[in-house]
Amino acid sequence: MPTRLSNYFLRTLREDPSDAEVTSHRLLVRAGYIRRQAPGVFAWLPIGLRVKAKIEKVVREEMAAAGAHEVHFPALLPREPYEVSGRWAEYGDALFRLQDRKGSDMLLAPTHEEVFTLLVKDLYNSYKDLPLSIYQIQDKYRDEARPRAGLLRGREFTMKDAYSFDYTDAGLDASYEAQRDAYERIFTRLGLEYVIVKADAGAMGGSRSEEFLHPTPVGEDTFVRSAGGYAANVEAFTTLVPEALSWDGLPPAQVFPTPDTPTIQTLVDSANRNQPRPDGRDWTAADTLKNVVLALTGLDGSRELVVVGLPGDRDVDLKRVEVAFAPAEVEAANDEDFAKHPGLVKGYIGPWSADGAVLGETSATGIRYLLDPRVVDGTEWITGANEHGHHVYGLVAGRDFQADGTVEAAEVLAGDPAPDGSGPVELARGMEIGHVFQLGRKYAEALGLKVLDENGKLVTVTMGSYGIGVTRILAIIAELTSDEKGLVWPPAVAPFDVHVIATGRDQVVFDTAESVVAAIEATGREVLYDDRPKVSPGVKFGDAELIGVPQIVIVGRGAADGVVELWDRRTGERTSLPVAEVASRLP
RNA sequence: CGGGGCGUAGCUCAGCUUGGUAGAGCGCUCGGUUUGGGACCGAGAGGUCGCAGGUUCGAAUCCUGUCGCCCCGACCA
């Protein structure tokens, strides 16, 4: 039976909703696919649900092909497993927390590693049961600081999350590859361009991790890639460390007065004016060592200062810093922090002073000092002399100062060398549409998931987790394929295969339309039939364009002569056909 | 959390500066005309003007507070 528009739960809007800015959100609301319920939370109307189901179908088929079995967990879960894994604390404000009537803490799950692990623990205890891959398609909840862009970043979103269980590292690799391959097939079938990039393993622990990013300037992730094939999220980018240099023959460091040079630029100007280089080249920001004071707040609320030293031509990248110091929260040190450390002279901070080391755990201040990996032994720097209005020139790393370690805190710049030697990288933006992740034994260990191996020995299971954002993908497809008239679904995910319009008031129009609909349905296609009486042609055409079913059949003025039109939504091309041929001429 | 904007009919908005008791277009209902690009005529239904205080004879309009939403940034699958 066709879906008849005369009594379908669908209302198109003539005007753009005022609270929708991005294309996908605007069109999905206007065309009657979704409605906003709360910030970042959406209701799915019948036609929207159909598209969602089409995407899920592709995902399910490829999951089955990869040997994964579907399950379904509740979104509402008790606190305990997340307490044991540490994520009750680590997730912070992004976790939706609530209490039941007895006052027990519960949560709306942001992902399900813990409960999948516990289920397997309940049921399995032998290596013979493994490997195992199970997945679900379920709504996830994250209380984003600022939900935006409609479905692209909501607080409730549908995700396919899969989990693999193995008892050997090689097994985990194989399970990981199977999911990774499935993802490639899924995105290819959906026609979504993607880049696979190295990702940060982050607070989840574990080793190998890759993100599938859809390249788009509006993406939230920045990634790098080299011509030689290296690709990584900037958060996971590692600096190619230069060789250490010898400091034999380098002149001793010298302090010069540098009044009014609180910034890198003023310092460089002052250096070129007052202490020109003997080799004739100008000083640049890259010759200076910038020392940035950061405040880390641990999960227990403790506050620690740390100073990061990096070349003056680079800023600290807060995302990379967050990764480097996770799970602590990072912010710039405030006036109060400086007040507690009079040894830090704002604007003139450096590791060295005439009276001894200023930065570092064993120094006068005792503040942890970490260096950008480029600051290798033997490199010379202009940096603060810890005295107002003074800098020290020719300060040599290794000879004149030491640090407590290195940190990947500096921003990545286009042209930086890829760590694998594959050449300079370029920067691009992308939106995460999938993530594959070797969790390793973190969750299994925390939750006690062990099996007996071939030797009768208890071994901890090793796991992987694999996510795809179903609703985000839907929004991206809508965004990519739409035009100024409305949505234009690719056939693989379209809510219907064919949209039949009956226009006119002669009974022959409706009779013809009915037979056309029946003929098309007989070919196995799904039909949306606009049978609304007393609705003018312009309205029906406009709605068809807005709704975006790929093939439209117009039954109208030619009906009396047995002629209808086939209208391709994407190309706009219209072809007149005899009624009898329509079903067979559909692509 | 910082910055900006906005809350008036189902939707998109005007009215607010200069206080006088609620408007338009679209949508919806009824009658009629119309039917290949968002038709027309006539008659209707529909709003505690986000909420709470205050000023005033009188508040959508002025004042104070508060709640909510959107956008940019921070953050984030």
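Labels below follow one simple rule: chain letters A, B, ... track the order of the sequence lines, proteins then strands, and each chain is numbered from 1.
Summarising the geometry, the separation between CD on A:Q37 and C1' on B:rC69 is reported as 14 Å, rounded to the nearest angstrom. Going from atom CG of A:D19 over to atom C1' of B:rC70 covers 7 Å, rounded to whole Å. Look at CG on A:D506: it is 13 Å from C1' on B:rU34, rounded to the nearest Å. To the nearest angstrom, C1' of B:rG38 lies 11 Å from CZ of A:R532. We find that CG of A:L10 is positioned 16 Å from P of B:rG27, with the value rounded to whole Å. B:rC70 atom P lies 17 Å from atom CZ of A:R26, rounded to whole Å. Rounded to a whole Å, the CZ atom of A:R11 is 10 Å from the P atom of B:rG27. Going from atom NZ of A:K540 over to atom P of B:rA39 covers 13 Å, rounded to whole Å.
Annotation: cation-pi geometry not satisfied between A:R569 and A:W489 (NZ/CZ under 6.0 angstrom from ring centroid, within 45° of ring axis).
In this structure, A:Y33 contributes its side chain and A:I547 its backbone to a donor-acceptor pair below 3.5 Å. Remark: the backbone N or O of A:F73 is paired with a side-chain donor or acceptor of A:Q136 at under 3.5 angstrom. Checked by atom type and distance alone, the side chain of A:T471 never pairs as donor or acceptor with a backbone atom of A:F157 at under 3.5 Å. A donor-acceptor pair under 3.5 Å is absent between the side-chain atoms of A:R4 and the main chain of A:D530, judged by distance alone. No donor-acceptor pair under 3.5 Å is formed between the side chain of A:R142 and the backbone N or O of A:A94. At distances below 3.5 Å, not a single donor-acceptor pair connects side-chain atoms of A:Y135 with backbone N or O atoms of A:S164.
Remark: the separation of the P atoms in B:rC11 and B:rC16 is 23 Å, to the nearest Å. Nucleotides B:rC6 and B:rU18, compared at atom C1', are 23 Å apart to the nearest Å. A gap of 31 Å separates the P atoms of B:rC71 and B:rA60, to the nearest Å. Comparing the same atom, P, in B:rU8 and in B:rC13 gives a spacing of 10 Å after rounding to whole Å. Only the C1' atoms considered, B:rG25 is 13 Å distant from B:rG38, to the nearest whole Å. A gap of 5 Å separates the P atoms of B:rU17 and B:rC62, to the nearest Å. Atom name P, nucleotides B:rU35 and B:rG23: the rounded distance is 36 Å, in whole Å. Atom name C1', nucleotides B:rC49 and B:rA24: the rounded distance is 16 Å, in whole Å.
Taking the six-membered ring where the residue is Trp, A:F116 and A:H112 present perpendicular rings, their angle passing 60° and hence far from 30°.
Ranking B:rG36, B:rG27, B:rC69 by closeness to the A:F541 side chain, first place goes to B:rG36.
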Which letter, B, S or -, goes with each nucleotide of nucleotides 72-77 of chain B from 5' to 3', with contact meaning a protein heavy atom under 4.0 Å? BBBBBB

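For A:K198, there are no side chain to side chain donor-acceptor pair (under 3.5 Å) partners, not counting sequence neighbours.
Contact annotation: A:T503 side-chain N/O to B:rU35 OP1/OP2 distance is not under 4.0 Å. Taking 4.0 angstrom as the limit, A:S536 places a side-chain polar atom (N or O) nearer than this to OP1 or OP2 of B:rA39.
Residue-to-nucleotide contacts include a donor-acceptor pair under 3.5 Å from the side chain of A:E15 to the base of B:rG25.
B:rU21 is unpaired under the Watson-Crick or G-U wobble criterion, no partner having all donor-acceptor distances under 3.5 Å. In this structure B:rA43 sits in a base pair with B:rU29, meeting the Watson-Crick or G-U test at under 3.5 Å. For B:rC16, there is no paired nucleotide, since no Watson-Crick or G-U wobble pair has both relevant distances below 3.5 Å. Base pairing of B:rU56 is not made with any nucleotide, judged by Watson-Crick or G-U wobble geometry with both donor-acceptor distances under 3.5 Å. Across every strand in view, B:rC1 sits in a pair with B:rG73 that passes the Watson-Crick or G-U test at under 3.5 angstrom. Pair assignment for B:rC6 gives B:rG68, based on Watson-Crick or G-U wobble hydrogen-bonding distances that are each under 3.5 Å.
Residue contacts shown for A:G556 include a base, since a base heavy atom lies under 4.0 Å away. A:D16 comes within 4.0 angstrom of sugar-phosphate atoms only, judged by non-hydrogen atoms across all strands, and of no base. At a threshold of 4.0 angstrom between heavy atoms, the contacts of A:R30 include nucleobase atoms, whether or not backbone atoms are also involved. If you check every strand for non-hydrogen atoms under 4.0 Å, A:P17 touches sugar and phosphate atoms only.
Map A:L13 and A:W567 each onto its nearest nucleotide of RNA chain B; the residue landing nearer the 5' end is A:L13. Between A:R35 and A:E545, it is A:R35 whose nearest contact on RNA chain B lies nearer the 5' terminus.
Between A:F212 and A:F187, the ring center distance clears the sub-6.0 Å criterion.
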